[in-house]
There are 2 protein chains.
Amino acid sequence: MAALAYNFLDMTHPQIVTEQSAAEKSRHWLKYLQQRGYRLTGSRRAVVDALAEAERSLTAADLYEIGRAKHKGLGLVSVYRTLEKLEELGLVQRVHGPGGCHAYISAQDGHNHMLVCENCGRVEMFEGDDLKDFTRGLEKQSGFRIHEHWLQFFGLCADCQAA
Amino acid sequence: MAALAYNFLDMTHPQIVTEQSAAEKSRHWLKYLQQRGYRLTGSRRAVVDALAEAERSLTAADLYEIGRAKHKGLGLVSVYRTLEKLEELGLVQRVHGPGGCHAYISAQDGHNHMLVCENCGRVEMFEGDDLKDFTRGLEKQSGFRIHEHWLQFFGLCADCQAA
DNA sequence: CATATAATGAAAATGATTTTCAATATCAAC
DNA sequence: GTTGATATTGAAAATCATTTTCATTATATG
């Protein structure tokens, strides 16, 4: 999962945002979990590591499989419980798409839009908040109070086009 | 469900798109189903009518309940089967959101973005395709071939803010 | 109106997720 | 270090949305 920055009105000068390494990410997440009063266990570490290392979005079943290689006794229930906590802390986010809504990916700081490969689950993240004015206009027209928005693009990544 | 039109770069002159009446919509959908070789039955009519009349997005369970008032013997299975066909014909679309991905709403012609009330499920549809250039730029940067995008806003409609 | 077959509802099956529960592991206090 | 309160565990059962199976019924066409 790479991360790019875009300017909504100017696509000519994109900025690549460098990301934490998987090891840094994992360490940070575990520390954060502990700070919140959660205990660090083998099961939790296995799931956190699997997610931090992931280059693509993963389902609970994917994480169960990958996590079991790291911690033999891992149960699927612990995968769900860890995902729940990581999501609550804003460290991972669910990836919704036409092909399903059961995958998770590590969240970038701030608000992110996603470009999702429908074949392999690879996710590119984009930062930006250029929809603010648009959102305000929409609120005025509709009478809604808007809390959140999703801007997502779906397609095939370069690798999956080639394959 | 109302429908508005917007211009991505100019939110000052929105255009309200008038929608079909529920009766027109239902008649049109049933005719379309029949043209495609599907038979018209009481169960099918009940589900189609319920969806055509809906002011908000509905789940299969909602449709089962509403449909049963119209056709006593309606089974939940027929709700799913009818949704499947309507979706295949592009007459209804699934509404995905932070609160779940199990609701359906009648689709407008063409490509639509949605503004969804997280409390009551009310959906406002917006037309527009001003993301074309943006999409092209994104493809160039990422190497992806983009097939589809979602632009969705979530919040509370005027009624639910008041309540 | 006969008839081929699409569509039906009920029940069972499936797949993802959650709950329950007794056993175990973590971490803070000693 | 040992202890002890309790957070966390995995397994099994429960739940929820959805799909499949199947014998029966209804539709539309000839």
Side-chain angles (χ1 to χ4, degrees), chain A residues 29-51 57-89 92-104 121, chain B residues 29-51 57-89 92-104 121:
Chain A
W29 291 5
L30 290 168
K31 194 169 66 185
Y32 199 39
L33 281 165
Q34 201 165 33
Q35 282 170 357
R36 291 305 203 88
Y38 296 121
R39 292 178 180 174
L40 301 189
T41 68
S43 295
R44 203 148 278 175
R45 266 177 241 274
V47 176
V48 164
D49 286 355
L51 271 165
S57 62
L58 299 171
T59 63
D62 293 336
L63 286 166
Y64 179 59
E65 195 187 323
I66 299 169
R68 267 168 105 68
K70 298 171 187 288
H71 178 76
K72 56 183 176 68
L74 177 65
L76 185 53
V77 190
S78 289
V79 175
Y80 281 106
R81 283 189 282 225
T82 301
L83 280 173
E84 185 181 279
K85 284 161 186 61
L86 293 174
E87 200 177 9
E88 171 197 321
L89 300 180
V92 303
Q93 64 186 244
R94 196 185 270 260
V95 179
H96 297 260
C101 307
H102 297 154
Y104 289 83
Chain B
W29 291 5
L30 290 168
K31 193 168 67 187
Y32 199 39
L33 281 166
Q34 200 165 33
Q35 282 170 357
R36 291 305 202 89
Y38 296 121
R39 293 178 181 175
L40 302 189
T41 68
S43 295
R44 201 145 279 175
R45 266 178 240 274
V47 175
V48 164
D49 286 355
L51 272 164
S57 63
L58 299 171
T59 63
D62 292 336
L63 285 166
Y64 178 58
E65 196 187 322
I66 299 169
R68 268 169 105 67
K70 299 171 186 289
H71 179 75
K72 59 187 174 64
L74 177 65
L76 186 52
V77 191
S78 288
V79 174
Y80 281 105
R81 283 189 281 227
T82 300
L83 280 173
E84 185 182 281
K85 284 161 185 62
L86 292 174
E87 201 176 8
E88 171 197 321
L89 300 181
V92 302
Q93 63 186 249
R94 198 185 269 260
V95 178
H96 297 260
C101 308
H102 297 154
Y104 290 82

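Below, each value reflects all heavy atoms present in this structure, side chains not excepted, and no hydrogens, waters or symmetry copies. Chain naming here is simple, since letters A, B, ... match the order of the sequence lines and numbering starts at 1 in each. If you're wondering where the values come from, they're calculated on a predicted model, not measured in any experiment.
Separating the CG atom of L83(A) from the C1' atom of dT17(C) is a distance of 11 Å, rounded to the nearest angstrom. Put simply, CD on Q35(B) is 17 Å from C1' on dT27(D), counting in whole angstrom units. Here the P atom of nucleotide dT29(D) and the CZ atom of R39(B) are 8 Å apart, to the nearest Å. In this structure, the CZ atom of R36(A) is 16 Å from the P atom of dA7(D), given to the nearest Å.
Taking every heavy atom of residues 62-70 of chain B and every atom of DNA chain C, no pair lies under 4.0 Å. Within a heavy-atom distance below 4.0 Å of DNA chain D, no residue of residues 42-50 of chain B is found.
In terms of position along DNA chain C, the nucleotide closest to G37(B) lies nearer the 5' end than the nucleotide closest to the other residue of the pair G37(B) and G73(B).
At the phosphate of dT9(D), OP1 or OP2 sits under 4.0 Å from a side-chain N or O atom of S78(A).
Residue pairs meeting the salt bridge (Lys or Arg N to Asp or Glu O under 4.0 Å) criterion with at least one partner in residues 64-74 of chain A, sequence neighbours excluded, are E53(A)-K70(A).
Every side-chain hydrogen bond (donor to acceptor under 3.5 Å, both in side chains) that E88(A) has, sequence neighbours left out, goes to Y38(A). Qualifying side-chain hydrogen bond (donor to acceptor under 3.5 Å, both in side chains) partners for R81(A), counting only residues two or more places apart in sequence or in other chains: none. Every residue was checked against the ring-ring contact (aromatic ring centres under 6.0 Å, His included) condition with H102(B), not counting sequence neighbours, and none meets it. Under the side chain to side chain contact (heavy atoms under 4.5 Å, CB included) criterion, Q34(A) pairs with L40(A), not counting sequence neighbours. For Y80(B), the side chain to side chain contact (heavy atoms under 4.5 Å, CB included) criterion is met by A60(B), L76(B), not counting sequence neighbours. Scored by the side-chain hydrogen bond (donor to acceptor under 3.5 Å, both in side chains) test, R94(A) finds Y104(A) as partners (sequence neighbours excluded). With sequence neighbours left out, the side chain to side chain contact (heavy atoms under 4.5 Å, CB included) criterion links E84(B) to no other residue.
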Seminar exercise, completed: Per-nt protein contacts along nucleotides 12-25 of chain D (heavy atom under 4.0 Å; B base, S backbone sugar-phosphate only, - none) come out as B----SBBBB----
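Fit an axis to the five pairs at each end of the helix from dC1(C)-dG30(D) to dC30(C)-dG1(D) and the two axes sit 30° apart, to the nearest 10 degrees.
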